[in-house]
There are 2 protein chains.
Amino acid sequence: MTTHIHSNQNTLQSLEHNHNDCVSEALVTAEHLCIDRGVQLTPIRHKVLELIWESHKAVKAYELLDRLKPLQQAAKPATIYRALDFLMEQGLIHRVESLNAFVGCRCSGHQHEQLLLICKLCQEVEERNAKEVMSALSEETKQAGFIVYSKAIEVHGLCAKCQDLSVEKS
Amino acid sequence: MTTHIHSNQNTLQSLEHNHNDCVSEALVTAEHLCIDRGVQLTPIRHKVLELIWESHKAVKAYELLDRLKPLQQAAKPATIYRALDFLMEQGLIHRVESLNAFVGCRCSGHQHEQLLLICKLCQEVEERNAKEVMSALSEETKQAGFIVYSKAIEVHGLCAKCQDLSVEKS
DNA sequence: AGTTAAACGTTATAATATAGCGTTTAACTA
DNA sequence: TAGTTAAACGCTATATTATAACGTTTAACT
């Protein structure tokens with residue numbers, strides 16, 4: 001018998017790490033990075049980043065808006081999109097193109113373009129440097145005579161944890 | 001002196017191939033493929049595919065709608081999105097996730113997920129099998145224990161032709 | 001303290017996409 | 001070949017995602 005899997009349970013968040021530490025670390029890193037760069041991580045931007053880091057799932061702009069509103073009454077779409085633009089410019093978040101959504105970046109600042117593994121069940125997004133993939137890609141674009149400005153490498157599927165859960169429950 | 005580059009000129013279309021043949025071939029292939037599969041390439045679907053193949057640029061759904069309307073007065077957003085859904089299911093077009101746009105697929109049916117090289121200047125999209133990239137990606141996802149359902153691998157930059165043009169004109 | 005640029009508030013609207021339901025068309029089947 | 005069924009399409013409405021434009025406030029720099 002196969003049981004329905006609840007996508008909110010037994011996620012990265014609850015099983016593998018203390019998510020409070022995970023978030024604090026991301027925020028502290030972001031704060032330092034912004035100071036170093038002389039850019040302003042304003043309260044709104046900070047809060048939006050914190051909201052994005054609430055989970056490792058990709059989150060939609062209007063979802064963020066709904067969550068920001070109770071804390072920031074004046075929040076409007078532009079409020080969120082401006083904050084997202086800033087956070088992307090600083091490499092603090094990724095835009096997940098295939099979902100029109102956003103996810104915190106663990107590699108903030110350096111080598112920002114990564115492989116994103118997006119689980120269809122738990123919705124979590126795993127970033128991977130994927131060194132071999134990136135070098136194969138460089139070689140390929142070089143052969144094509146194509147000058148790269150940016151990349152989006154997104155894979156949808158089933159993460160290891162969700163596979164395990166479906167095995168356990170069957 | 002660097003001259004402004006007109007993105008609509010000297011494209012793949014005008015320089016490298018007879019685009020009429022290119023389109024005919026794509027359409028004939030699509031027709032055969034649909035017959036083989038027992039699915040219907042209806043007049044609307046056929047026309048939308050033809051409109052997509054008008055160029056090698058990624059084209060937006062509402063652009064297609066505007067172009068379809070003169071030929072199909074009843075055309076509404078759903079008309080286009082249904083046709084696009086069908087064409088994607090059949091692997092006849094690619095959705096370019098990072099542009100919310102669509103482009104004809106040259107490899108219709110087989111090994112549909114390809115590397116897309118998207119030129120910021122001429123807007124043309126080049127598909128590449130990118131065998132090495134794909135195998136590196138398979139290895140990476142295998143290492144991650146991730147089961148792949150679908151992929152989007154999109155690179156934005158400057159194609160060889162547009163680089164040449166900017167050199168010529170400078 | 002005055003100047004300037006960045007950030008933010010606010011309203012409006014553009015652009016992208018889907019839901020739902022009735023009608024027509026095409027494919028199947030008896 | 002008429003009846004049945006599912007697919008395709010018409011149509012209306014609306015949801016979702018994103019940006020434009022302009023005025024006000026805040027913060028950084030003289």
Side-chain angles (χ1 to χ4, degrees), chain A residues 30-31 34-52 57-90 92-103 123 152 154, chain B residues 30-31 34-52 57-90 92-103 123 152 154:
Chain A
E31 288 155 14
C34 289
I35 290 166
D36 289 352
R37 291 179 182 170
V39 295
Q40 294 183 61
L41 189 60
T42 63
I44 289 175
R45 290 164 175 178
H46 190 278
K47 190 66 207 175
V48 170
L49 184 57
E50 200 178 335
L51 289 172
I52 288 172
K57 302 180 205 297
V59 56
K60 301 273 191 174
Y62 279 73
E63 249 176 87
L64 289 170
L65 180 55
D66 289 341
R67 295 202 223 147
L68 183 61
K69 267 179 183 158
L71 309 161
Q72 182 77 18
Q73 277 201 284
K76 297 277 177 329
T79 314
I80 289 292
Y81 282 104
R82 284 168 182 159
L84 291 171
D85 285 347
F86 171 84
L87 295 169
M88 282 190 292
E89 273 167 22
Q90 299 304 321
L92 297 169
I93 61 174
H94 293 289
R95 179 178 162 86
V96 184
E97 299 290 353
S98 51
L99 295 176
N100 296 328
F102 305 85
V103 72
Q123 330 285 349
E154 303 179 1
Chain B
E31 288 156 14
C34 288
I35 291 167
D36 289 351
R37 292 180 182 168
V39 296
Q40 294 182 61
L41 189 60
T42 63
I44 289 176
R45 289 165 176 178
H46 191 279
K47 190 66 206 175
V48 171
L49 184 57
E50 202 178 334
L51 290 172
I52 288 172
K57 303 180 203 297
V59 55
K60 301 274 188 172
Y62 278 74
E63 250 176 87
L64 289 170
L65 180 54
D66 289 341
R67 296 203 222 147
L68 182 61
K69 267 179 183 159
L71 310 161
Q72 183 75 20
Q73 276 201 285
K76 297 276 176 329
T79 314
I80 290 292
Y81 282 104
R82 282 168 182 158
L84 291 171
D85 285 347
F86 171 84
L87 296 170
M88 283 191 291
E89 274 166 22
Q90 299 304 321
L92 297 169
I93 61 173
H94 292 289
R95 180 179 161 86
V96 184
E97 299 290 352
S98 50
L99 295 176
N100 295 330
F102 305 85
V103 73
Q123 331 284 348
E154 303 179 1

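Any value given below was found using the heavy atoms of this structure, including those in side chains, with hydrogens, waters and symmetry copies removed.
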Any side-chain N or O of A/Lys60 under 4.0 Å from OP1/OP2 of D/dT17?
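True: A/Lys60 side-chain N/O within range (under 4.0 Å) of D/dT17 OP1/OP2.
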In whole angstrom, what separates [X]'s [atom1] from [N]'s [atom2]?
{"X": "B/His46", "N": "D/dC9", "atom1": "NE2", "atom2": "P", "answer": "13 Å"}
{"X": "B/Asn100", "N": "C/dA15", "atom1": "CG", "atom2": "C1'", "answer": "9 Å"}
{"X": "A/Asp85", "N": "C/dA7", "atom1": "CG", "atom2": "P", "answer": "11 Å"}
{"X": "A/Glu97", "N": "D/dA18", "atom1": "CD", "atom2": "C1'", "answer": "13 Å"}
{"X": "B/Glu63", "N": "C/dA14", "atom1": "CD", "atom2": "C1'", "answer": "15 Å"}
{"X": "B/Ile80", "N": "D/dG10", "atom1": "CD1", "atom2": "P", "answer": "11 Å"}
{"X": "A/Leu84", "N": "C/dA7", "atom1": "CG", "atom2": "C1'", "answer": "15 Å"}
{"X": "A/Lys76", "N": "D/dG23", "atom1": "NZ", "atom2": "C1'", "answer": "14 Å"}

For residues B/Thr79 and B/Lys76, determine if any side-chain heavy atom of one lies less than 4.5 Å from a side-chain heavy atom of the other.
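Touching, per the 4.5 Å side-chain cut-off.
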Just so I know, are the side chains of A/Ile35 and A/Leu41 near enough to count as touching, which here means a heavy-atom distance under 4.5 Å?
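Not touching, per the 4.5 Å side-chain cut-off.
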Shortest non-hydrogen separation from [X] to [Y] and the atoms involved:
{"X": "B/Ala83", "Y": "B/Val48", "answer": "CB-CG2, 3.8 Å"}
{"X": "A/Glu97", "Y": "B/Ser98", "answer": "OE1-CA, 3.5 Å"}
{"X": "B/Ala58", "Y": "B/Leu99", "answer": "CB-CD1, 3.9 Å"}

If only atom types and distance count, is the side chain of B/Arg95 paired as donor or acceptor with the main-chain N or O of B/Ala101 below 3.5 Å?
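Here the side-chain-to-backbone pair does not exist.
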Starting from the 5' end of DNA chain D, give me the residue, A/Arg95 or B/Val39, whose nearest nucleotide shows up first.
B/Val39
Walking DNA chain C from its 5' end, the first of A/Phe86 and A/Gln73 to be reached, judged by nearest nucleotide, is A/Phe86
Choosing from [options], which nucleotide comes nearest the side chain of [X]?
{"X": "B/Ala74", "options": "C/dA7, C/dT10, D/dC11", "answer": "D/dC11"}
{"X": "A/Gln72", "options": "C/dG9, D/dA18, C/dC8", "answer": "C/dG9"}
{"X": "B/Ile44", "options": "D/dG10, D/dA8, C/dA7", "answer": "D/dG10"}
{"X": "B/Pro77", "options": "C/dA17, D/dT17, D/dA8", "answer": "C/dA17"}

Taken in chain and number order and not counting sequence neighbours, the residues that satisfy side chain to side chain contact (heavy atoms under 4.5 Å, CB included) with A/Glu63 are A/Val59, A/Lys60, A/Arg67
How long is the straight-line distance from CD of A/Glu154 back to CD of B/Glu154, given to the nearest 0.5 Å?
7.0 Å
Got a second to check how far A/Phe86's CZ is from A/Ile44's CD1, nearest 0.5 Å?
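Result: 12.0 Å between the selected atoms.
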Going by centres under 5.5 angstrom and planes under 30 degrees, do the aromatic ring of A/Tyr81 and the base ring of D/dT19 stack?
no
Look at the side chain of B/Tyr62 and the base of C/dA17, then say whether one donor and one acceptor between them are separated by less than 3.5 Å.
yes
State whether a side-chain donor-acceptor pair under 3.5 Å links A/Arg37 with A/Gln90.
yes
So what does the secondary structure string of DNA chain D come out as, 5' to 3', with Watson-Crick or wobble pairs under 3.5 angstrom, [ ] for crossing and | for pairs with another strand?
||||||||||||||||||||||||||||||
Please write out each protein N/O paired with an N/O of nucleotides 19-29 of chain C under 3.5 Å, distance rounded to 0.1 Å.
| unit_1 | atom_1 | unit_2 | atom_2 | d |
| --- | --- | --- | --- | --- |
| C/dG20 | O6 | B/Arg82 | NH2 | 3.3 |

